[in-house]
Amino acid sequence: MPEPEKQSNERKTLDDRQKMTELERIRHSCAHVLATAILRLWPEAQFAAGPPVENGFYYDVDLPHRIAPEDFEKIEAEMKKEIKANNVFEKMVVPREQALKDAQSGRLAALGERGFPSKFKLDIVQNIPEHEPISYYKNGDFIDLCAGPHVMRTGNIGAFKLTSVASAYYKGDEKNPQLQRIYGTAFKNKTEMEAYFNMLEEAKKRDHRKIGQEMGIFAMDPDYTGPGLPLWLPKGGAIIEELEKLAKETEFAAGYQRVRTPHLAKEKMYLTSGHLPILYAESMFPPMELDELKNKPEKRDERDQLGEKVEKLKSLVLAEADNLVTEGEGSTQRTDLVGQEREKFLLEKIREIRDEGNLDPGLASLLAEFETEHGNLLMMPQPTYYYLKAMNCPHHHRIFAAEPRSYRDLPLRLAEYGTCYRYEQSGELFGLMRVRSLNMNDAHIYCTEEQFAAEFNAVNEMYLKYFKIFGIDKYIMRFSTHDPSRLTGDNAKFVNEPELWKKTEDLVRQTLIDSKINYVEVPNEAAFYGPKIDVQVWSVIGREFTLATNQVDFAVPKRFGLVYRDRDNTEKTPLCIHRAPLGTHERFIGFLIEHYAGNFPLWLAPEQVRVLTIGDDEALVNYAKLIVNELRASMVRAESDFGTDKINGKIQRAEQAKVHTMLVIGPRDMEAGNVSVRVHGKGSLGAKPKAEVITDILQAIKERRP
RNA sequence: GCCAGUUUAGCUCAGUGGUAGAGCAACGGUUUUGUAAACCGUCGGUCGCCGGUUCGAGCCCGGCAACUGGCUCCA
């Protein structure tokens, strides 16, 4: 199991670094060899960071020449020379001044002095804490700023290969320059490296995109449907049905109620929820416009011109109002407000000042003109905007609001397999794992603070129940909390409710501790409305991703004004738990395909049973048809192959299609009232009485036998 | 969105500037079969799209799109 990565961007301590395994040392050393080779070819290269990573290493380099895979051969040739030279990795501890001087003269991450500074190394030196010693590692002519550790000699790198080139921002920050990241891998010897590449080949065969296509589970149709919008073929539809059945049974037993909501909603919904104002807008598809004036261009132009005029007036008024309110006495500033909410607030304030008669006459007439024109604008039909929903919660909140609620209604658990649409960046799309249309195993639990721990635990129990069914044993719960420095200001990412953040985070942390669930705390990654727990899993081929989620929301119910009447006859806002134990169909099925390598257990298998006849003799086919009909009458996905092919051919096709159970029927079976059972991957299990076989199939499906 | 690579028949892939190919699948026949491929034939392509270079472009050049590997982001 891959170790969970260090979640923070903090520097590794020197102690941490000493814990590097031998393989990591080999790879880290190989990164230095890579830099050495690149410098021999391009002496002007500027290096940033070159660490070992999970399956190898990389080195980030800034270089006018674009390194392409065609360059790998000559780079590898230079690397081989360096390894053959078997140079010692020599550690040198230097005074800070020396390091600064060498960075300035371009000596760091270089083969010799250069006429220009080693700019990234200079930056790195300047950021090394005062108390920490500074060291170099030298192999041959190459000297690099490096805390180590390394292998003894370059010759200790038994086998290596450059694998790919990608771009990466310096220090992972979008605002920093983009560097070329050269990836490679290294091993103690050739045999181990070959084993690794063989493993990669095997992994490719389990890729859900490949198996999904081969088995006919889903199709992508970027030209017609659009990128990231999978089409579920009948076989995928069958898996979806089974997952929904499982979720519905489980949720019904746990006291959930099912609801259905539309796929879109008016702009107001998302202005209220905060999705549009708070940094979520770019994840939503752009709005659909409904406009009465659509076919009246001249009216429309008139409105547009008036609209521009109003906007101009408004910005003038707001600029003045901003000065008045923020410079004025009494600290009425509300720096937490953004966008439309801030405008609304400023307008209210300036009207108050006017009503008190304290407004400068010039500004007052500007305000009056704005109000008149704004009024005129509102007299005209306005376009309305609809958005595809990116989340189900706002709709569920409106269901909560649709009826008066009492404390007796709580906890209220609303469940829906809701379809959401998210405008993921084009580079993010990835098979079924990252898509733009997604079906969430969603539910929202509205509860009181007292009920929170029990509800939260029940959700966690549900996760564990599902994981057992699917045989998922590698997972970790990531508890994401907020960053107090990002509650306000331009880079605000979280709703500005410091008290509530603290309270709910403590509540969740305590619940996690009490339940003894294995978790890691991840700072700064909460949802904008509250802390969350993501369940991270690893597919069998080592792909890591968030499968399920469990989030606390203390903010959005308040924004929607959701209340229930409590025992003491006061109105209170409920807490809301968002939870999606099966995540989305898209990601979950993508995961399951890789998890099972397409060899689904009987209950999930798209084609559960295929009946194969030996020959197409009429009596035999009739007997086989009876079996298929009997299975289908019990909702078993059974298909038939009654053609004239040889039985070996029929079996081969069924095996390749990963049909779970094959029932082979020849004259011998028919006479004895038997069927011959063959299970995918297990070979022939021999002939058994028909009734017995059917009963066992039904039982295995019912139990969801693994 | 950014960097790099890729795109030829439904699928897997050949094809180095001179008449677009193979296997599987599909379709039509022949074959009557006992646990991973019986045989013969037929169909199938504006070589991702648009433009350029050339007497001539699947191949060389440019733009766009999609996909793949990463980066940033996330269920």
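What you see is a predicted model; the values in this text were computed from it and never measured.
Side-chain N/O atoms of A:Ser164 and base N/O atoms of B:rG70 include no donor-acceptor pair closer than 3.5 Å. Interface remark: the A:Arg587 side chain does form a donor-acceptor pair with the B:rC74 base, using a distance-only criterion of under 3.5 Å. In the interface, the side chain of A:Arg434 is paired with the base of B:rC73 through a donor and an acceptor atom under 3.5 Å apart. In the interface, the side chain of A:Glu655 is not paired with the base of B:rU35 through any donor and acceptor atom under 3.5 Å apart. In terms of polar N and O atoms assigned as donor or acceptor, the side chain of A:Glu428 comes within less than 3.5 Å of the base of B:rC71 in a complementary pairing. At a cut-off of 3.5 angstrom, the base of B:rU32 holds no donor-acceptor pair with the side chain of A:Thr644. Evaluation of atom-type donor-acceptor distances gives a pair under 3.5 Å for the side chain of A:Asp669 against the base of B:rG34. Contact annotation: side chain of A:Arg678 to base of B:rA36, donor-acceptor pair present below 3.5 Å.
Under the Watson-Crick and G-U wobble criteria, each requiring two contacts below 3.5 Å, nucleotide B:rG28 is paired to B:rC40. For B:rU6, the paired base is B:rA66 (Watson-Crick or G-U wobble, both distances below 3.5 Å). Under the Watson-Crick and G-U wobble criteria, each requiring two contacts below 3.5 Å, nucleotide B:rC60 is paired to B:rG52. Pairing of B:rU16, defined by two Watson-Crick or G-U wobble distances under 3.5 Å, is not identified with any nucleotide. Nucleotide B:rU46 forms a pair with no other nucleotide shown, judged by Watson-Crick or G-U wobble geometry with both contacts under 3.5 Å. As the counterpart of B:rG1, B:rC71 is assigned, both hydrogen-bonding distances of the Watson-Crick or G-U wobble pattern falling under 3.5 Å.
Using a 4.0 Å heavy-atom cutoff across all strands shown, A:Tyr58 reaches no nucleic acid atom at all. Residue A:Asp616 is classed as a base contact, given a heavy-atom separation below 4.0 Å to a base. At a threshold of 4.0 angstrom between heavy atoms, the contacts of A:Lys532 are confined to the sugar-phosphate backbone, with no base atom among them. Note on A:Asp617: nothing from the nucleic acid sits closer than 4.0 angstrom, heavy atoms only. Contacts of A:Glu424 with the nucleic acid, taken as non-hydrogen atoms under 4.0 Å apart, include base atoms. Contacts of A:Gly649 with the nucleic acid, taken as non-hydrogen atoms under 4.0 Å apart, involve only primed sugar atoms and P, OP1 or OP2.
When distances run from any side-chain atom of A:Asn648 to the nucleotides B:rA75, B:rA36, B:rG34, the shortest one goes to B:rA36. With B:rU72, B:rA38, B:rA75 as the choices, the nucleotide that has an atom nearest any side-chain atom of A:Thr546 turns out to be B:rA75.
Distances shorter than 4.0 Å separate none of the side-chain N or O atoms of A:Gln178 from OP1 or OP2 on B:rA4. Distances shorter than 4.0 Å separate none of the side-chain N or O atoms of A:Arg181 from OP1 or OP2 on B:rU72. Residue A:Ser676 places no side-chain N or O under 4.0 Å from the OP1 or OP2 atom of B:rU35.
Spacing of C1' atoms, B:rA25 relative to B:rC11, comes out at 7 Å, to the nearest Å.
Screening A:His396, A:His395, A:Glu251 for a side chain to side chain contact (heavy atoms under 4.5 Å, CB included) with A:Glu416, the sole residue that qualifies is A:His396.
In this structure, the ring of A:Tyr387 has its center no less than 6.0 angstrom from the ring center of A:His275.
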Carefully, step by step, assess A:Asp645 and A:Arg653 under the rule salt bridge (charged side-chain N to carboxylate O under 4.0 Å, His left out). CA-CA 11 Å; A:Asp645 281 346; A:Arg653 273 202 306 280; 2.8 Å; yes
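For the residue pair A:Asn439/A:Thr419, the side-chain donor-acceptor check at 3.5 Å is satisfied.
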